[in-house]
Amino acid sequence: MLRALKPQKTVLSWADAYISDKVEQAAAQAQKALLELQHPDGYWWAELEANVTITSEYIMLRSFLGLADVDRFSRMANYILSQQLDNGGWSIYHGDGGDLSTTVEAYLALKLAGLQTTLPEMQQARQFILSRGGPLQSRVFTRIFLALFGQVSWRGIPTMPVEFVLLPLWTGLSIYELSSWSRATVVPLSVVMAYQPVCPLPPDRGVRELFHPWEDPLRDHRVRLKKNGLSLDNLFVFSDKLLKVYQGHPYPPLRQWALRRAEEWILTHQEETGDWGGIQPAMLNSILALHCLGYSNKHRAIKLGLEAMEFFTLAAGNRLWLQSCISPIWDTALSVRALTASGLQGTHPAVSKACQWILQQQIFRRGDWSVKNPYLAAGGWAFEFHNNWYPDIDDSAVVLMSLAEGLQEPQQHRTALDRGVHWCLGMQSQNGGFAAFDTDNTKAWLNHIPFADLKALIDPPTEDVTSRVLEMMGMFGYTADHVAASKAIAFLKIAQQPDGCWYGRWGVNYIYGTWSVLCGLKGIGEDMSSPYIRRAVAWLQDHQNEDGGWGETCASYKYPELRGQGPSTASQTAWALLGLIAAGEAGSPAVAKGIRYLVQTQTPSGRWEEPYFTGTGFPQHFMIRYHLYRDYFPLMALGNYLKSRGHYPDV
């Protein structure tokens with residue numbers, strides 16, 4: 001039974017007095033804190049925290065290239081050890097209890113950095129790994145690193161033939177059927193797998209002690225059939241065996257042609273700054289591939305690549321670590337939206353400078369997206385400082401909204417804005433939804449190949465990105481009867497969960513998805529009293545915590561029954577509040593309690609503490625903690641709340 005068929009208008013008796021004092025004060029403090037974090041050039045950028053595999057793999061890369069650095073490795077080892085859990089493992093998100101693959105990579109990196117197995121931390125890590133089944137149970141990417149150093153056989157690694165790059169688009173099996181992040185990683189990795197290089201380690205640097213006595217990782221390591229009988233999974237396992245026969249041919253047909261094509265693709269896709277794809281896996285594997293192809297460490301492409309990876313490093317005291325990616329455009333656009341929601345106008349120097357910086361980041365070069373959209377003009381924005389090949393729809397939509405809200409004279413930039421809107425709408429998939437980077441990247445069967453154990457080889461349309469585009473469309477004058485909007489709304493209606501919420505692909509998780517959809521539907525002008533929307537409102541209200549906040553654990557990706565459940569966080573509370581306010585619930589008891597939670601948990605500095613990971617890279621496998629989510633999303637919620645109660649004029 002639905003909780004409410006019409007938007008709730010009830011106001012608690014204490015709310016008005018609370019609004020006029022505490023909420024405005026909290027918003028002002030949060031606004032001041034966010035302004036102080038702005039870079040002199042106009043952007044915002046804070047750490048994009050992931051897990052220790054990013055730093056561990058950097059140690060492995062430099063060790064493989066013969067570029068070990070004792071001082072840097074020592075500082076990186078200090079960082080890795082600082083993240084170790086009490087049970088000896090390393091986690092992929094706060095409170096997960098430890099992850100096998102992450103721990104195996106951390107252990108190998110620490111050995112390469114010179115740590116001895118006699119250290120208590122190493123002994124604990126070894127026990128954790130053995131208790132979880134050992135390295136042979138780790139993910140494919142982890143076992144590739146083990147193979148690079150001769151710790152397991154390459155025969156046990158699922159094959160990704162480099163000849164894949166030769167398949168044309170019309171086959172439906174080209175590299176452009178993979179997601180952008182997979183494509184930028186798989187192309188260079190297929191080169192590495194063609195060569196199957198090994199950097200032998202002395203016994204004291206190897207990890208033989210991680211394997212059970214009865215295991216021979218150099219002989220027994222194989223891609224094995226699964227227990228589900230005749231299935232797509234086992235069909236691909238059988239195909240992998242055939243590919244290995246081909247791989248073992250002394251002169252495999254097409255191999256040299258494919259290697260030259262892959263080499264050209266890798267070099268073409270390197271940014272002038274040295275980056276590949278804006279992400280660490282693409283950068284690391286591209287450097288490895290060029291090394292396998294005979295490029296020296298002094299070659300310009302490898303030197304620039306290593307320098308680009310250095311740009312991802314952070315340091316504190318005796319610790320040094322890497323980020324998987326950096327998020328300045330995303331952080332800046334959302335900061336502008338938060339500041340304008342809290343009352344700042346486009347005339348404010350911080351907002352004006354940020355908008356000008358954002359405009360300068362627009363991409364007018366054709367990227368991989370144009371393979372399937374050859375007649376679409378460029379005009380999107382990326383996530384990072386340097387990623388011209390891969391603008392994304394989510395960033396572009398948020399950027400356009402921030403410019404619509406923050407530009408003092410938007411008409412002066414009408415060409416840029418129109419180009420951005422046109423690009424976003426041109427990236428709609430046939431099912432009506434919008435994905436992150438590509439159009440119709442939906443071949444789900446690819447996630448069943450043995451290589452794809454992260455289940456992230458494709459980039460299908462998602463509820464959150466689709467909703468962001470709808471919200472943006474509404475801001476630029478489109479209505480729900482526009483063909484793109486009507487198709488997107490139909491996509492969202494089909495995707496709604498039976499209990500009323502929506503899945504969140506790029507944030508944790510159903511709270512993120514439900515917030516995104518409610519704001520998108522409100523923005524495009526959908527009737528917010530519609531029954532399907534009221535079901536979503538009821539779902540958010542039902543999942544409010546006793547303390548007034550909202551929270552959801554990353555485990556909800558693996559266990560959907562945990563959706564909407566977890567310790568309250570500032571960012572997830574803000575998302576729930578923004579969704580409810582969009583649905584007309586600003587005066588409801590649930591929103592009043594949520595606002596009170598944000599006010600009461602704000603620190604004297606005007607910020608919020610948030611140790612939990614609320615961002616998503618790959619559901620279940622790679623989670624992210626955006627260090628500014630705790631700042632701009634609560635400010636955005638407080639600002640929208642005050643505006644909805646008549647405390648700010650519309651801007």
Side-chain angles (χ1 to χ4, degrees), residues 23-24 26-46 327-363 379-383 385 394-424 468-478 519-520 522-524 574 578 581-582 606 628 631-651:
V23 181
E24 285 192 343
Q29 290 175 333
Q31 188 184 88
K32 180 175 181 292
L34 187 58
L35 287 171
E36 290 173 351
L37 294 171
Q38 188 177 24
H39 189 275
D41 288 343
Y43 60 80
W44 279 264
W45 170 32
S327 55
I329 294 178
W330 183 248
D331 284 338
T332 303
L334 287 168
S335 293
V336 168
R337 296 207 70 196
L339 292 171
T340 56
S342 63
L344 290 192
Q345 304 283 337
T347 53
H348 190 282
V351 175
S352 175
K353 198 168 189 178
C355 288
Q356 292 304 313
W357 182 84
I358 288 172
L359 283 167
Q360 294 169 9
Q361 311 310 309
Q362 192 169 16
I363 299 171
W381 281 263
F383 184 71
F385 284 113
D394 207 4
D395 271 276
S396 299
V398 173
V399 161
L400 288 163
M401 288 189 282
S402 73
L403 293 174
E405 294 166 336
L407 281 173
Q408 184 179 358
E409 298 290 344
Q411 290 301 326
Q412 294 181 4
H413 306 280
R414 180 53 53 192
T415 300
L417 296 175
D418 287 347
R419 284 279 297 265
V421 172
H422 180 71
W423 183 79
C424 285
R468 218 91 67 215
V469 175
L470 280 175
E471 187 179 3
M472 178 273 294
M473 289 177 67
M475 204 168 287
F476 282 85
Y478 293 86
C519 289
K522 170 66 174 178
I524 199 63
L578 288 165
I581 292 168
L628 284 182
D631 296 299
Y632 45 65
F633 279 121
L635 175 59
M636 197 183 302
L638 293 173
N640 277 10
Y641 177 69
L642 288 166
K643 189 185 298 185
S644 71
R645 310 305 291 159
H647 285 252
Y648 296 141
D650 288 335
V651 291

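The shortest distance between side-chain heavy atoms of Trp423 and Ile363 does not fall below 4.5 Å. Put simply, the side chain of Gln38 does not reach to within 4.5 Å of the side chain of Ser335, judged on heavy atoms. The shortest side-chain heavy-atom distance between Asp331 and Tyr43 does not fall under the 4.5 Å cut-off.
Rounding to the nearest 0.5 Å places OH of Tyr641 at 11.0 Å from CD of Glu24. Considering CG of Leu403 and CE of Met475, their distance stands at 10.5 Å, rounded to 0.5 Å. Residue Met473 holds its CE atom at 12.0 Å from CG of Leu400, rounded to the nearest 0.5 Å. Expressed to the nearest 0.5 Å, how far CG of Leu34 lies from CD of Gln29 amounts to 13.5 Å. Atom CE of residue Met472 and atom CG of residue Asp394 lie 11.0 Å apart, to the nearest 0.5 angstrom. Rounding to the nearest 0.5 angstrom, the gap separating the CH2 atom in Trp381 from the CH2 atom in Trp330 is 14.0 Å.
Tyr632 and Trp44 have their aromatic ring centers separated by at least 6.0 angstrom.
Below 30°, between 30° and 60°, or above 60°: for Phe385 and Trp45 the angle between ring planes is above 60°, a perpendicular geometry.
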After noting the C-alpha distance and the side-chain angles of Gln31 and Leu344, does the key distance pass the side-chain contact (heavy atoms from CB on, under 4.5 Å) rule?
-> CA-CA 9 Å; Gln31 188 184 88; Leu344 290 192; 3.6 Å; yes
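A salt bridge is absent between Lys643 and Glu405; no separation between the charged side-chain nitrogens and carboxylate oxygens falls under 4.0 Å.
Looking at every heavy atom in both residues, Val336 comes nearest to Cys355 through CG1-SG, 4.3 Å. Between Asn640 and Ala341 the shortest heavy-atom distance is OD1-CB, 3.3 Å. Cys424 approaches Ser396 most closely through the heavy-atom pair SG-CB, 3.5 Å. Minimum heavy-atom separation, Val351 to Gly406: CG1-O, 3.5 Å. The shortest non-hydrogen separation linking Ala350 to Leu35 is CB-CD2, 3.4 Å. Considering every non-hydrogen atom in both Leu635 and Ala27, the closest pair reads CD1-O, 3.5 Å.
Among Ile358, Val398, Leu628, the single residue meeting the side-chain contact (heavy atoms from CB on, under 4.5 Å) criterion with Thr332 is Ile358.
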Less than 3.5 Å apart, which donor and acceptor atoms pair up between the side chains of residues 407-419 and the rest of the protein, not counting sequence neighbours?
from	atom 1	to	atom 2	distance (Å)
Arg419	NE	Ala378	O	2.8
Arg419	NH2	Ala378	O	2.7

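Between the side chain of Gln361 and the main chain of Trp357, a donor-acceptor pair closer than 3.5 Å is present. With hydrogens and angles disregarded, no donor-acceptor distance shorter than 3.5 Å links the side chain of Ser402 to the backbone of Leu334.
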